[in-house]
Asks: 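Sharing a structure here in structure tokens format.
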Amino acid sequence: MKTSQLLIPTLREEPGEAEIVSHKLMLRAGLIRKVAAGIYTYLPLGLRVIRKVEQIIREEMNRAGAQELLMPLASPAELWKETGRWDFYGKELLRFKDRHERDFCLGPTHEEIITDLFRREVKSYRQLPLNFYQIQTKFRDEIRPRFGLMRGREFLMKDAYSFDRDEAGARLNYQKMYDAYHRIFTRCGLTFRAVEADTGLIGGTSSHEFMVLADTGEETVLYSDQGTFAANVERAEVMPPEQPENDPMKPMRSVPTPNCRTIEEVTTFLKVPANRLVKTLLYSTGKETVAVLVRGDHAVNEIKLKKVLGVSEIELAGPATVEKVTSAPLGFAGPVGLKGIRIFADHAIPALRNVVVGGNQLDTHLIDANWQRDFSADQVLDLRNAQAGDPSPRKDGILKVAKGIEVGHVFMLGTKYSQAMKATFLDPQGKECLAVMGCYGIGVGRTAASSIEQNHDERGIIWPYAIAPFQVHLLPVSQSEKTAGATTRLYNDLLAAGFEVLWDDREDRAGVKFNDADLIGAPFQVVVGDKGLADGVVEVKVRRSGIKSRVTPSDIIPYLRKLSAEADSAPAV
RNA sequence: CGGGGCGUAGCGCAGCCCGGUAGCGCGCCUGCUUUGGGAGCAGGAUGUCGGAGGUUCAAAUCCUCUCGCCCCGACCA
């Protein structure tokens, strides 16, 4: 295509609204434009990338035995009420009423819709297994959309739903999807890792997230340095300490700690490391207030806590509650003598000896407090975030930390939805059975954005061959008849050879074209000008390496074929 | 929802503190020259200063309210 026929509004300057590199480059290279917070128009170039990713997804989903369909964006409240998610999903679910005052929502995911389809249309075990997928716009009214396509409110997602006769079949489908995801992200040229994950609002029994490793990722991943263990921090289990400390217990005493409210203030003032402190955090569930004890250098994992408490919402208690429960202002809560609320201790706590805790009194802490002797808890369990240096829960090394972008998520759902919506089939004995389900998502736009995070330099995007909007950027840099003629012939030859070519036919200077080409990031640039033509050659520049070669027009097709074969077989990291 | 910040030309920003009727760079349009890494010269167009209300002789500037956007947190495939 010719540049003059496409809207490619490249920007010289960095847009003020963008923070991370993929967002900046998507705006600068003219891929997307914002319409509202978290809502974007895909411009021609951006759409081409999206379509490439979709195509790869389609091929791999079809290969894995899934079938494509398309469900509606709007769905009636009744289906959501059946599973309870009309209430449970919260404000992220964008609701509205139609002209008849009937409740609807914009689909943030489609378990209800597909399960409804299944129960209406599928009756027999003979029809199973089934796996349906769609690539469709989702809407989630995110609290804080950010980073362009990384976290939009409206976004493209591939979602798939499998139905099986039993657990074993479901596991097989899960594995097929898991393998398909590996192929998809590999083909997209991404460096990624599958990690164990929490199931969140989708629910179900187990899940894996596919994480693109990038410093700008919003997720924290822990992985063992020697083994195969890898998990989202939300999920990563923490082993209890192997051996408790056994220093002799010293007598507990009270010390003044004026204005020392935070861990940092207390450790600095008392000159002790944070791991000698026990933090007492008060959480409100709406129904009750509970105390959570974790070591000073550990962080409470609120997902683990919610599961223990069996609630979906918790928040740190406000100053008024803290004062009511501890009879001290915020910052001095401690477990010694704490009464009237349930106390949960992380399992690192009982192993400690002679620790510092809050004194439940203004400007006061207790030192040399000891488990059992001075304080205890109603339950002791894993309540904290794993962190770098912890032993792997699979006993296969020490944990390390990385940041990741969640581009895909596969879930074993079990019968959560089939049960709630009575999605059953008849087995060979004529008995009614619940379908065992799985669901599998891929963020299409996020995958494209992740690719930019991993493939760019200071000049712009460096697209992996498989998802580049165009493979060849044809750049005539002289105004002569000779160059025009050679460019036209090359363009036609390249198209005939099957390349997707962007022909910069603008009357701009060479520098402008070179800079835009580097920004847009097609894998290969073909420069045609009087200088080279005088020697009978054009110039081929490989965007990633920057290597330029002089090639005769008759050799260009085989030359680019060779380069693109290499690009396909070895997606760069 | 809490904290912070920003809304001035298509984009990036100055002007606001200290009120006097809006400016810079890039882009855009016209002409000439130029033409292999973001050209030069000359000329030109473009603003309800996010919106509403108030104070004032006078408001981009001060006050109140409101809307939008960005960042941090909480939240989230």
Side-chain angles (χ1 to χ4, degrees), chain A residues 9-20 23-24 27-28 30 33-39 89-93 107-111 138-148 150-153 155-160 181 197-204 207-211 218-219 232 234 283 300 302-303 306 312-316 318 404-411 439-447 459-460 475-480 483 504 506-519 525 527-534 538-539 541 546 548 550:
Chain A
T10 55
L11 303 172
R12 281 194 193 191
E13 293 176 84
E14 293 208 335
E17 70 186 54
E19 193 72 11
I20 64 170
H23 189 193
K24 286 178 185 168
L27 290 166
R28 282 195 59 212
R33 283 295 183 267
K34 186 173 71 183
V35 175
I39 299 176
Y89 220 103
K91 288 187 185 161
E92 231 181 287
L93 192 63
T109 175
H110 282 75
E111 284 81 8
K138 296 279 184 280
F139 198 99
R140 295 182 187 174
D141 203 357
E142 292 275 350
I143 291 171
R144 185 147 89 86
R146 58 185 136 177
F147 302 151
M150 278 301 182
R151 179 173 296 275
R153 290 193 289 172
F155 58 102
L156 265 182
M157 175 167 162
K158 185 285 299 176
D159 46 326
Y181 276 34
D198 181 65
T199 54
L201 281 177
I202 303 292
S207 77
H208 284 86
E209 288 168 331
F210 285 76
M211 295 286 195
E218 296 183 82
E219 306 291 335
N232 191 312
E234 295 174 350
Y283 279 92
V300 173
E302 296 188 355
I303 290 174
K306 282 185 206 170
S312 62
E313 297 286 329
I314 54 169
E315 58 178 358
L316 276 169
I405 301 163
E406 180 194 354
V407 289
H409 201 156
V410 294
F411 298 83
C439 77
Y440 318 95
I442 290 178
V444 178
R446 192 181 276 185
T447 298
R459 305 191 59 78
L475 307 168
V477 295
S478 305
Q479 274 62 51
S480 67
T483 291
D504 192 343
R506 297 175 300 174
E507 289 180 12
D508 277 290
R509 303 168 68 83
V512 173
K513 295 186 179 185
F514 290 142
N515 281 302
D516 270 356
D518 286 346
L519 178 60
Q525 295 168 17
V527 180
V528 188
D530 291 348
K531 255 193 214 171
L533 291 177
V538 297
E539 197 172 275
K541 175 176 152 182
K548 297 173 188 167
R550 287 154 66 84

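Within every chain, numbering begins at 1; the chains are lettered A, B, ... in the order of the sequence lines, protein sequences first and strands thereafter.
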Asks: In chain order, what residues pass the ring-ring contact (aromatic ring centres under 6.0 Å, His included) check against A/Tyr440, with sequence neighbours excluded?
Replies: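 With sequence neighbours excluded, A/Tyr440 shows a ring-ring contact (aromatic ring centres under 6.0 Å, His included) to no residue whatsoever.
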Asks: Measure distances between side-chain N and O atoms of A/Glu14 and base N and O atoms of B/G12, and say whether any donor-acceptor pair falls under 3.5 Å.
Replies: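 Absent.
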Asks: Going by purine N1 to pyrimidine N3 plus the second Watson-Crick contact, or the G-U wobble pair, all under 3.5 Å, which nucleotide sits opposite B/C76?
Replies: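 By the stated definition (distances under 3.5 Å), nothing pairs with B/C76.
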Asks: Tell me the partner of B/U55, counting only Watson-Crick (N1-N3 plus N6-O4 or O6-N4) or G-U wobble (N1-O2 and O6-N3) with both under 3.5 Å; none if nothing fits.
Replies: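 Pairing partner: none.
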Asks: When the P atoms of B/A39 and B/C1 are compared, how many Å lie between them, rounded to an integer?
Replies: 48 Å
Asks: In whole angstrom, give me the gap between the C1' atoms of B/G31 and B/G36.
Replies: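 After rounding to an integer number of Å, I get 26 Å for this pair.
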Asks: Are the side chain of A/Arg146 and the backbone N or O of A/Glu19 linked by a donor-acceptor pair below 3.5 Å?
Replies: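 Side chain of A/Arg146 to backbone of A/Glu19, a donor-acceptor pair under 3.5 Å: no, none is there.
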Asks: Tabulate protein N/O versus nucleotide N/O from nucleotides 32-36 of chain B, keeping only pairs under 3.5 Å, one per line.
Replies:
residue : atom : partner  : partner atom : Å
B/U34   : O2   : A/Arg509 : NH1          : 2.8
B/G36   : O2'  : A/Lys531 : NZ           : 2.7
B/G36   : O6   : A/Gly529 : N            : 3.3
B/G36   : O6   : A/Gly529 : O            : 3.3
B/G36   : O6   : A/Gly532 : N            : 3.1
B/G36   : N2   : A/Glu539 : OE1          : 2.9
B/G36   : N2   : A/Glu539 : OE2          : 2.9

Asks: Could you pull out all residues at least two apart from A/Arg151 that satisfy salt bridge (charged side-chain N to carboxylate O under 4.0 Å, His left out)?
Replies: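 So A/Arg151 forms a salt bridge (charged side-chain N to carboxylate O under 4.0 Å, His left out) with A/Glu142, A/Glu218.
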Asks: Between A/Lys513 and A/Arg506 (side chain of the first, backbone of the second, donor and acceptor by atom type, cut-off under 3.5 Å), is there such a pair?
Replies: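 At least one qualifying donor-acceptor pair exists.
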Asks: Roughly how many Å apart are B/G20 and B/C63, using the P atom of each and rounding to a whole number?
Replies: 15 Å
Asks: Name all residues meeting the salt bridge (charged side-chain N to carboxylate O under 4.0 Å, His left out) criterion together with A/Asp530; count only those two or more places apart in sequence or in a different chain, and write none if there are none.
Replies: none
Asks: On RNA chain B, nearest-nucleotide positions of A/Val444 versus A/Leu519: which is more 5'?
Replies: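 It is A/Leu519 whose nearest nucleotide is closer to the 5' end.
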Asks: In whole Å, what is the span from the CG atom of A/Leu27 to the C1' atom of B/G27?
Replies: 17 Å
Asks: How close or far is atom P of B/C75 from atom CG of A/Asn232, stated in whole angstroms?
Replies: 13 Å
Asks: Determine the interatomic distance between P on B/U64 and the same-named atom on B/C6; round to the nearest Å.
Replies: 16 Å
Asks: Would you kindly give the NZ-to-P distance between A/Lys513 and B/A39, to the nearest whole Å?
Replies: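 Distance, rounded to whole Å: 13 Å.
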Asks: Going by side chain to side chain donor-acceptor pair (under 3.5 Å), name the residues that satisfy it together with A/Ser478, two or more places apart in sequence or in a different chain.
Replies: none
Asks: When rounded to the nearest Å, what value does the distance between P atoms of B/C24 and B/U46 take?
Replies: 14 Å
Asks: List for me each residue that meets side-chain contact (heavy atoms from CB on, under 4.5 Å) alongside A/Lys306, sequence neighbours excluded, and say none if there are none.
Replies: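 Result, side-chain contact (heavy atoms from CB on, under 4.5 Å) vs A/Lys306: A/Ile314.
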Asks: Atom CD of A/Glu13 to atom P of B/C26: distance rounded to whole Å?
Replies: 10 Å
Asks: Using side-chain contact (heavy atoms from CB on, under 4.5 Å) as the criterion, list what pairs up with A/Glu234, not counting sequence neighbours.
Replies: A/Asp198, A/Glu219, A/Asn232, A/Ile303
Asks: In whole angstrom, what separates A/Lys541's NZ from B/G37's P?
Replies: 12 Å
Asks: Determine whether any donor atom in the side chain of A/Arg12 lies under 3.5 Å from an acceptor atom in the base of B/C11, or the reverse, and answer yes or no.
Replies: no
Asks: Does the A/Arg140 side chain pair with the main chain of A/Leu93, one donor and one acceptor, at a distance under 3.5 Å?
Replies: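 Not confirmed, A/Arg140 side chain does not pair with A/Leu93 backbone.
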Asks: Write down the distance separating the P atoms in B/C62 and B/G15, rounded off to the nearest Å.
Replies: 12 Å
Asks: Between the protein and nucleotides 42-47 of chain B, which nitrogen or oxygen pairs are less than 3.5 angstrom apart?
Replies:
none

Asks: Taking pairing as Watson-Crick or G-U wobble with both contacts under 3.5 Å, can you name the mate of B/G37, or confirm there isn't one?
Replies: none
Asks: Of all residues at least two apart in sequence or in a different chain, which pass the salt bridge (charged side-chain N to carboxylate O under 4.0 Å, His left out) check with A/Arg459?
Replies: A/Asp518
Asks: Take atom C1' in B/C11 and the same atom in B/G38, then report the distance between them in whole Å.
Replies: 15 Å
Asks: Not counting sequence neighbours, which residues clear salt bridge (charged side-chain N to carboxylate O under 4.0 Å, His left out) with A/Arg509? List them please.
Replies: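 If we apply the salt bridge (charged side-chain N to carboxylate O under 4.0 Å, His left out) test to A/Arg509, skipping adjacent residues, there are no hits.
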Asks: Examine distances only and state if a side-chain atom of A/Arg446 and a backbone atom of A/Val407 form a donor-acceptor pair shorter than 3.5 Å.
Replies: no
Asks: My understanding is that only residues two or more places apart in sequence, or in another chain, count here; which of them pass ring-ring contact (aromatic ring centres under 6.0 Å, His included) with A/His409?
Replies: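 For A/His409, the residues satisfying ring-ring contact (aromatic ring centres under 6.0 Å, His included) (neighbours in sequence not counted) are A/Phe411.
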Asks: Could you tell me the Watson-Crick or G-U partner of B/A22, where both distances fall under 3.5 Å? Say none if there is no partner.
Replies: none
Asks: Can you tell me the pairing partner of B/U61 across any strand shown, Watson-Crick or G-U wobble, with both distances under 3.5 angstrom?
Replies: none
Asks: Would you indicate what A/Asp159 reaches in the nucleic acid, counting non-hydrogen atoms under 4.0 angstrom: base, sugar-phosphate, or nothing?
Replies: nothing
Asks: A/Arg28 CZ to B/G27 P: how many Å, rounded?
Replies: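 Value for this atom pair: 14 Å.
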Asks: Which residue lies toward the 5' end of RNA chain B, A/Gln525 or A/Gly443, if each is placed at its nearest nucleotide?
Replies: A/Gln525
Asks: My understanding is that a pair needs two contacts under 3.5 Å, Watson-Crick or G-U wobble. By that rule, which nucleotide pairs with B/C69?
Replies: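 Its partner is B/G5 (Watson-Crick or G-U wobble, both distances under 3.5 Å).
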Asks: Pick out the pairs of N or O atoms, protein on one side and nucleotides 67-74 of chain B on the other, that lie under 3.5 Å.
Replies:
residue : atom : partner  : partner atom : Å
B/C69   : OP1  : A/Ala37  : N            : 2.9
B/C69   : O3'  : A/Lys34  : NZ           : 2.9
B/C72   : OP2  : A/Arg144 : NH1          : 2.9
B/C72   : OP2  : A/Arg144 : NH2          : 2.6

Asks: Write down the distance separating the P atoms in B/U48 and B/U61, rounded off to the nearest Å.
Replies: 15 Å
Asks: With a 3.5 angstrom cut-off on both distances, give the Watson-Crick or G-U wobble partner of B/A42, or none if there isn't one.
Replies: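 Looking at the geometry, B/A42 pairs with B/U30.
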Asks: Taking atom P of B/C75 as reference, at what distance in whole Å does atom CD of A/Glu218 sit?
Replies: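 Atom-to-atom, A/Glu218 to B/C75, this comes out as 13 Å.
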Asks: Looking at every heavy atom in both A/Thr483 and A/Val477, which two are closest together, and how far apart are they?
Replies: CG2-N, 4.5 Å
Asks: For A/Asp141 and B/C1, give me the distance from atom CG to atom P, rounded to whole Å.
Replies: 12 Å
Asks: What is the nucleic acid contact for A/Lys548, judged by heavy atoms within less than 4.0 Å: base, sugar-phosphate only, or nothing?
Replies: base
